[in-house]
Q: 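Take this structure, written in structure tokens, and hold onto it; I'll ask about it next.
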There are 2 protein chains.
Amino acid sequence: MNKNREKPIAKKERPYVSIQSLYRMPYYLHYLKEAKKKGIEVIPATTIAADLKLNEVQVRKDLSAICTTKGKPKTGFIVDELIKNMEDFLGYNNAKDAVLVGAGSLGRALLSYSGFESYGLNIVVAFDNDKEKIGTKINGKEVLSVAEIENVCRRLNIHIGIITVPAQHAQEVCNKLIASGILAIWNFAPVHLSTPEGILVRNENMAASLAILSHHLQEKLCNSKKDLSNNRKDRKDRKDT
Amino acid sequence: MNKNREKPIAKKERPYVSIQSLYRMPYYLHYLKEAKKKGIEVIPATTIAADLKLNEVQVRKDLSAICTTKGKPKTGFIVDELIKNMEDFLGYNNAKDAVLVGAGSLGRALLSYSGFESYGLNIVVAFDNDKEKIGTKINGKEVLSVAEIENVCRRLNIHIGIITVPAQHAQEVCNKLIASGILAIWNFAPVHLSTPEGILVRNENMAASLAILSHHLQEKLCNSKKDLSNNRKDRKDRKDT
DNA sequence: TAGATTGTTAATCGATTAACAATC
DNA sequence: TAGATTGTTAATCGATTAACAATC
């Protein structure tokens with residue numbers, strides 16, 4: 001590899017990966033694991049693209065962003081390598097501890113959900129300010145007073161916070177979490193959170209998703225009614241990712 | 001309004017609203033309802049933008065897309081009007097019935113979650129193929145055999161399906177739902193679903209959201225380690241929506 | 001009136017997709 | 001070798017943002 005002489009130390013800079021690309025990663029990962037199960041050892045990006053209904057250039061770009069070894073023309077990528085690289089990239093290999101604030105209906109639901117572990121997320125403890133709830137356990141996880149947030153987060157060195165409180169308390173809780181050393185927030189409250197730079201907020205807004213479904217349905221039903229009485233004009237519908 | 005003479009019948013065509021814009025609607029709606037509670041009757045788009053940390057042109061565009069009456073320069077929009085228009089647009093006013101398939105951990109969680117009603121979603125019944133579960137009730141909702149899907153959906157005229165089965169069964173369930181007249185699918189399984197045109201699939205991929213959080217945290221913690229030993233180069237972090 | 005706010009047209013930005021040379 | 005597949009550069013597309021005239 002004489003060509004590389006000019007920049008000998010320049011270790012491959014990790015390229016910027018957009019949120020959209022990041023969002024696609026778990027789909028690749030799942031797909032690859034399935035492929036592995038079937039005994040497939042090498043796979044071309046073109047096949048992945050076809051199966052996942054994605055553009056093939058996009059897949060190649062996504063893969064090349066996280067893959068330490070290059071794909072081989074004519075054959076493709078090594079499945080095991082890809083899985084390993086992707087898990088490293090996503091940080092699934094070092095399990096992440098998290099706290100959850102708001103042990104209401106949705107909070108309980110998430111605490112009871114057993115699916116997070118396989119992605120390396122471990123909800124350690126929950127907080128609430130309802131005296132009835134404090135001291136109880138949900139799915140084996142203690143519910144503590146919100147007054148304990150900073151204390152616990154600092155002591156256990158936790159950096160992920162999940163917010164499932166009602167909208168009107170979300171910002172306040174958010175501030176408290178940030179003051180406790182939380183760096184990434186998974187916000188289920190249907191409000192915008194103001195945060196200082198460097199804190200990532202991922203909004204999981206059920207209301208917003210529902211709005212998208214609901215709106216589509218409304219259009220759909222309304223149009224079909226029109227179609228019945230009127231002439232039908234074909235309209236391409238767009239699916240989102 | 002003589003200017004309008006040229007196209008007299010052309011009723012205001014409902015403009016195309018992007019998924020992103022649609023996603024912002026519930027944030028506006030919540031904000032507006034809060035404003036109303038405080039007794040605010042008229043509000044300028046600029047204020048909304050500032051509070052929600054959005055670009056003001058974006059807000060004006062979003063509002064003008066759904067609002068039947070124009071905003072008034074110098075004063076703004078009528079809060080009540082906006083709320084009404086938005087609820088109509090999102091279809092919150094005519095409650096939507098839905099079925100849920102997969103009464104596992106996540107499915108139970110959603111069935112028990114009481115927050116959907118306020119957005120007009122009503123999960124009527126659940127399906128599973130586990131004999132242990134069939135016949136039981138979760139939060140007052142019956143669990144039926146998956147064999148009943150078509151039967152029930154047709155009879156109750158239901159058009160929204162929620163998929164909370166394990167990834168490997170998601171496509172199969174999806175096909176079944178579509179065959180039963182479902183038009184909009186809320187997919188919680190971490191896989192891509194292939195659907196015919198005209199069916200909307202909204203993916204709520206917890207794994208993918210988690211990946212985004214997880215990756216950010218990894219970068220963050222890794223960088224801060226570097227910063228300690230190394231010189232610190234400021235890096236602007238980007239928040240997602 | 002002056003100035004805040006509106007709606008719209010044009011510029012910018014970022015992500016996706018197309019085109020294509022390089023490689024096994 | 002021929003052809004499938006790769007990685008990359010350029011073109012396209014859509015959404016966001018800036019600029020600005022119109023309005024109350």
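Labels below follow one simple rule: chain letters A, B, ... track the order of the sequence lines, proteins then strands, and each chain is numbered from 1.
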Q: Between dT16(D) atom C1' and Gln20(A) atom CD, what is the distance in whole Å?
A: 13 Å
Q: Which donor-acceptor pairs under 3.5 Å do the side chains of residues 180-188 of chain A make with protein atoms, sequence neighbours left out?
A:
unit_1, atom_1, unit_2, atom_2, d
Ser180(A), OG, Lys176(A), O, 2.7
Trp186(A), NE1, Glu204(A), OE1, 2.7
Asn187(A), OD1, Ala189(A), N, 3.0
Asn187(A), ND2, Ala189(A), O, 3.2
Asn187(A), ND2, Val191(A), O, 3.1
Asn187(A), ND2, Asn203(A), OD1, 2.9

Q: Is it true that the side chains of Ser194(B) and Lys53(A) contain a donor and an acceptor less than 3.5 Å apart?
A: yes
Q: Are Ile48(A) and Leu63(A) packed together at the side-chain level, in the sense that at least one heavy-atom pair is separated by less than 4.5 angstrom?
A: yes
Q: Output yes when Lys84(A) and Asp88(A) qualify as a salt bridge under the 4.0 Å nitrogen-oxygen rule, no when they do not.
A: yes
Q: Between Lys38(B) and Glu34(B), does at least one N-O distance fall below 4.0 Å, as a salt bridge requires?
A: no
Q: Separation of Lys53(A) atom NZ from dT16(C) atom P, in whole Å?
A: 19 Å
Q: Can a salt bridge be assigned to the pair Lys70(B) and Glu81(B) using a cut-off of 4.0 Å between side-chain N and carboxylate O?
A: no
Q: Please encode protein proximity along nucleotides 6-11 of chain C as a string of B, S and -, counting only heavy-atom distances under 4.0 Å.
A: BBB---
Q: Parallel, tilted or perpendicular for Tyr113(B) and Phe116(B), by the 30°/60° rule?
A: perpendicular
Q: In whole Å, what is the span from the CG atom of Asn55(B) to the C1' atom of dA19(D)?
A: 12 Å
Q: Scan side-chain atoms only and decide if Asp51(B) and Tyr31(B) contain a donor-acceptor pair under the 3.5 Å cut-off.
A: yes
Q: Would you kindly give the CD-to-P distance between Gln58(B) and dA15(D), to the nearest whole Å?
A: 11 Å
Q: Could you tell me how far apart Ile19(B) (CD1) and dA15(C) (P) are, to the nearest whole angstrom?
A: 18 Å
Q: Give the dot-bracket string for DNA chain C, reading 5' to 3', where a pair is Watson-Crick or G-U wobble with both distances under 3.5 Å, ( ) marks pairs inside the strand, [ ] marks pairs crossing earlier ones, | marks a partner on another strand, and . marks unpaired.
A: ..||||||||||||||||||||||
Q: Send over the distance from Tyr23(B) OH to dA15(D) P, rounded to a whole Å.
A: 17 Å
